[in-house]
Structure formats: structure tokens, C-alpha cells
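Chain letters run A, B, ... following the sequence lines, proteins first, then strands; residues in each count from 1.
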Protein chains: 2
Amino acid sequence: MKQEETVYQYIEKAILENRMPPGTRLREVQLADIFGVKRGLIRKVLSRLTSAKLVDHIPNVGAQVACPSLKDGQDLFATRQILEQSVVRQLSGNLSHEQIKSLREYIQQEQQAYQIGDSQKGVGLSAGFHRKLAELTGNRVLLEFLQDIINRTPLVMMSLSQPDPTRACINHDHRNLIDALEAGDSDAAVAIMQQHLQQLEGMFSDETPEPATDLEQIFQQP
Amino acid sequence: MKQEETVYQYIEKAILENRMPPGTRLREVQLADIFGVKRGLIRKVLSRLTSAKLVDHIPNVGAQVACPSLKDGQDLFATRQILEQSVVRQLSGNLSHEQIKSLREYIQQEQQAYQIGDSQKGVGLSAGFHRKLAELTGNRVLLEFLQDIINRTPLVMMSLSQPDPTRACINHDHRNLIDALEAGDSDAAVAIMQQHLQQLEGMFSDETPEPATDLEQIFQQP
DNA sequence: TGGTAAAAGATTGTCAACAATAATTATATA
DNA sequence: TATATAATTATTGTTGACAATCTTTTACCA
């Protein structure tokens, strides 16, 4: 695979999984050494992460994991409501049996992950469920935007709320949502999504986590 | 001003104003010579324009002005409908007298530009009106997304429709929209926006314009 | 003539060395 | 000791030269 893409995904994953809390400094030479690549490649990756708003870049000082403000979080969730409510309204009553079946299988995986205590995997699958819904609309621009928002959400949660295993999506909601989509009850589907996201947003507080320092250790486990 | 920003805006403007039609090749050394900057700076700018989807980049071949497909255009407009309908619904009945007045002054400028035949300026102001609405929501994420969409729209129109001075926003719609916003008639406001965008989208065809070749000439006039 | 292969040219991609800037430490002084 | 200032170190930013790749031209042959 393309080297740049690999490095990008490693760092992105480490940020999304909160192994590098907001504020953690990302030094170019250090990252280059860790991944065994040239500094120029790291610069490109950090630049991309910056435009994805996962990283803050201060000229002549450097990059650090982004620290979204409370307002950033509120605006993100407000926009997410607009887009995801539209998604479920579009999908409601318009999914094939195969598509419904595929969604049900997906949330079963999700549930299993939580049951065996792998909340890390569960959170990832929960985010994946929302992406899957966006994919089903077939609208690539909408998918692109929602992907962007979904990726930014973990950082917002980390910046603004206590680390808490229950902060993930509620699997029960996902099941109810699929039922409503299958039944073609678009009002119910929209209402479920609205409450679902509101509940997530409700977990904000004003705690600020400590930045990480030991990057080598963080990238031990791929 | 920062050199990179200046160059970015020059090239962006040239693309948005259709001085470089879709498919026009953007050679690094040529652009570097034109703007009197190093090639590295041009590479950064082209990279940013690529992630803004105004430029297509083919590895080891180079950059060219993006050629959005018909589906790209449809998806873009569908997403624009979602976001802009939400904007006017939020704004309806929630604007101060000053804000309404500012909007009216704005479309007066717009109208004047069209009346004196400066359709170039008119198109720019029309796009600005839509951005202004997004700004008034106060939601920076929403603004960011809509800005992105508004910037991509001219390229879509150029790729998919005949160059046509009437392709711009209809000023009359903008006036009616402000009236509805002031009156707090959100349903009317949404309906106006819906029809307004639909009309714009209706101008698609399957013509493909010729790429430009003489970049020096294009950048004569800043 | 038409088509294929080699050579030449043009263009993008990468890198290592250097420059510029910021952060840290050491030093001097009241 | 506390503060200001200078020297040092660490880090990011830039550049020119070279490498890799693609495109065009040329030469050759059936």
C-alpha cells in the first residue's frame, strides 16, 4: 500500500482511539523515526490531518492533536443532526431486504463487541454504522461530509467529556432505527436519530485531558 | 499577505470565474514562473486545491482543473438542498432588523452589477449572498461545508452546462427569500430556496468545454 | 503507410543540506 | 533570589539538485 496512506491511517487511528489526547505534540522527526519514513512524508500527512481538523498546526511551532472548543462541538453536532436526519428520511422505506439484513448483521457485530467488553472495537463499529447509513443514500458528497463529521466526533467527545465507556452509541437505538427504516416510518426514524445524537451530545462537560508525551509507546500496538 | 494564500486565491478565482475551463492542465514550473515563486509553494497550493475538489491530481502526471461528472453535480446539489433549506429554516423569523437591512443592501449591489452588465461580478455576489445566509446561522461547521459546496458549484455548472450569462442566481428569488425570512414564514422560505436551487440545477446538459492552454494570458488580469 | 521500439524531452516526486524561527538553558546583575 | 539577557539547542520551513516517471519525437522495419 502507499506509504503515505499507511502512515496517515496509523496516526488518524491513534487520534480517534484517544491514544493521543488533544494537545499532544506531533514532532516531525520523531514521527519520521517511528515509522521509518522521511520527514517530508510526515509533513504531508500532518498537513492532511490539519485540513481534516484532527490536528492543529501553529506556524513555526508545530502540530498537535486538535483541541476542539465547546462551540466547535456544538456546531459539529448541530450540523450532524441536519445531515443524519436527512439520511434516515431518505432511507426510510427505500431499503431492500438485503440492505436491511446487512444492517442487522452489522449491529449484531457491534453488540457482540460490547458484550465481550471490547468497547474500543464497539465504538469503531458504532461509528461505522453511521457511515454505512450515509453510504446507502448513494450520495457521495453527503457521504464525504458525514464521514468528515463522524471522524471529528471522537475528538470532540474527548476534549469535552470525561473518558467514559458508555459514551459510545447506544446499540438499542440502532436496532430501533433499522426497524423504523424497514417499516418506512420516516418520522419515527428521524426522531430516533435526533434523540440518539442529542444523547451523545449531552455527555459534554468542561474537563480538559492531559496531552500524551511518549509517542513511541503509543505506536507499539498497530 | 502570506504568499501561499495569495497564490491560492488567484488560482481559485481563475477557476471559479471559468478563465481556466475544466481539464486545463496546471504545470508546476509554469505556475511558479507566472507568480514568481518556488515550485514547492505551487505544489502546496495545488495540493490544497485538490482536497477542495477544484483540481484533479493524477500521480506522476500532474494537476488539472477538475471535471466534475453529472453524478458529482447531482450529489452536490442534493446536499446543497439539505444544508441551505436548513439554513433558511433556522434563519426564518430570527433575524434582527439590522441583519435584514444588510441582506437587502447586499442584493441591491447584486442587482446593480447585473444591470450594468457586469455578470462576472454579479455571479460572485450571488454566491456571496448564499454564503452570507450561512454566516448568519453562526454555525461555523455548517458555514465551512456550505462554503465548500458553493465554491464547487461554478465548476459543476461549467462542466455540465453551456456557458450562459443567465446561469447565475435569480436576483428576484433572493428578494422574495428575504421577505419570507423577515415575515418568519419558514415554509415559504424553504420553498423559495428549494425552487431556486432546482432552477440552477436544471441548467445541466452534457456539453464538455475545451480546456485552456495559454495560462500566461489568463493571469494577465488579476 | 502503419505500427513498433528506442531515444529524447518534459514533468512530477524525493531528498539532504541549509536557513529561519522558536524554546530552552546558562549567565550575569541588581 | 528574581529577573533580564545572551548562548545554546531543538524544531520547523525552504531550496536546489537529482531521481523517477510519463509523454513526445524520432528512427526503423514489415
* **Atom-to-atom span, CD1 of A:I58 to P of D:dG13 - whole angstrom** => 11 Å
* Structure fact -> B:V61 has its side chain closest, among C:dT12, D:dC22, C:dA17, to D:dC22
* Whole-Å distance between D:dA10 P and A:R25 CZ? -> 13 Å
* Structure fact -> Separation between CD (A:E4) and OG1 (A:T6), nearest 0.5 Å, reads 9.5 Å
* To do: Answer yes if the side chains of A:T153 and A:R80 hold a donor-acceptor pair under 3.5 Å, and no otherwise.
  => yes
* To do: For A:P59 and for A:L41, locate the closest nucleotide of DNA chain C by heavy-atom distance; then report the residue assigned to the nucleotide nearer the 5' terminus.
  => A:L41
* Taking only N and O in the side chain of A:K44, is any of them less than 4.0 Å away from OP1 or OP2 of C:dT14? -> yes
* For atom CD1 of A:I42 and atom P of D:dT11, their distance in whole Å -> 15 Å
* Asked: Out of D:dC22, C:dC15, C:dT14, which has the shortest distance to the side chain of B:R43?
  -> C:dT14
* Asked: Can you tell me how far C1' of D:dG13 sits from CG of A:L46, to the nearest Å?
  -> 14 Å
* Asked: How many Å lie between CD on A:Q30 and C1' on D:dT11, as a whole number?
  -> 12 Å
* Asked: Whole-Å distance between D:dT14 P and A:K38 NZ?
  -> 21 Å
* Length of the CD-C1' vector between B:E28 and D:dC22, whole Å -> 14 Å
* To do: Assess whether one donor atom and one acceptor atom, taken from the side chain of B:R39 and the base of D:dG16, lie less than 3.5 Å apart.
  => no
* **Closest to the B:R27 side chain, choosing from D:dT21, C:dT11, D:dT15** => C:dT11
* Just by distance, with hydrogens left out, do A:E17 and A:Q120 show a side-chain donor and acceptor under 3.5 Å apart? -> yes
* Structure fact -> Whole-Å distance, B:N60 CG to C:dA10 P, equals 18 Å
* Asked: Which part of the nucleic acid, if any, lies within reach of B:G40 when heavy atoms closer than 4.0 Å are counted: base, sugar-phosphate only, or nothing?
  -> nothing
* Asked: Between B:S102 and B:E98, do the side chains contain an N or O donor and an N or O acceptor separated by less than 3.5 Å?
  -> no
* Asked: Hey, are A:E110 and A:S126 close enough side-chain-wise for a donor-acceptor pair under 3.5 Å?
  -> yes
* To do: Respond yes when some side-chain nitrogen or oxygen of B:H57 is under 4.0 Å from OP1 or OP2 of C:dT11, and no when none is.
  => no
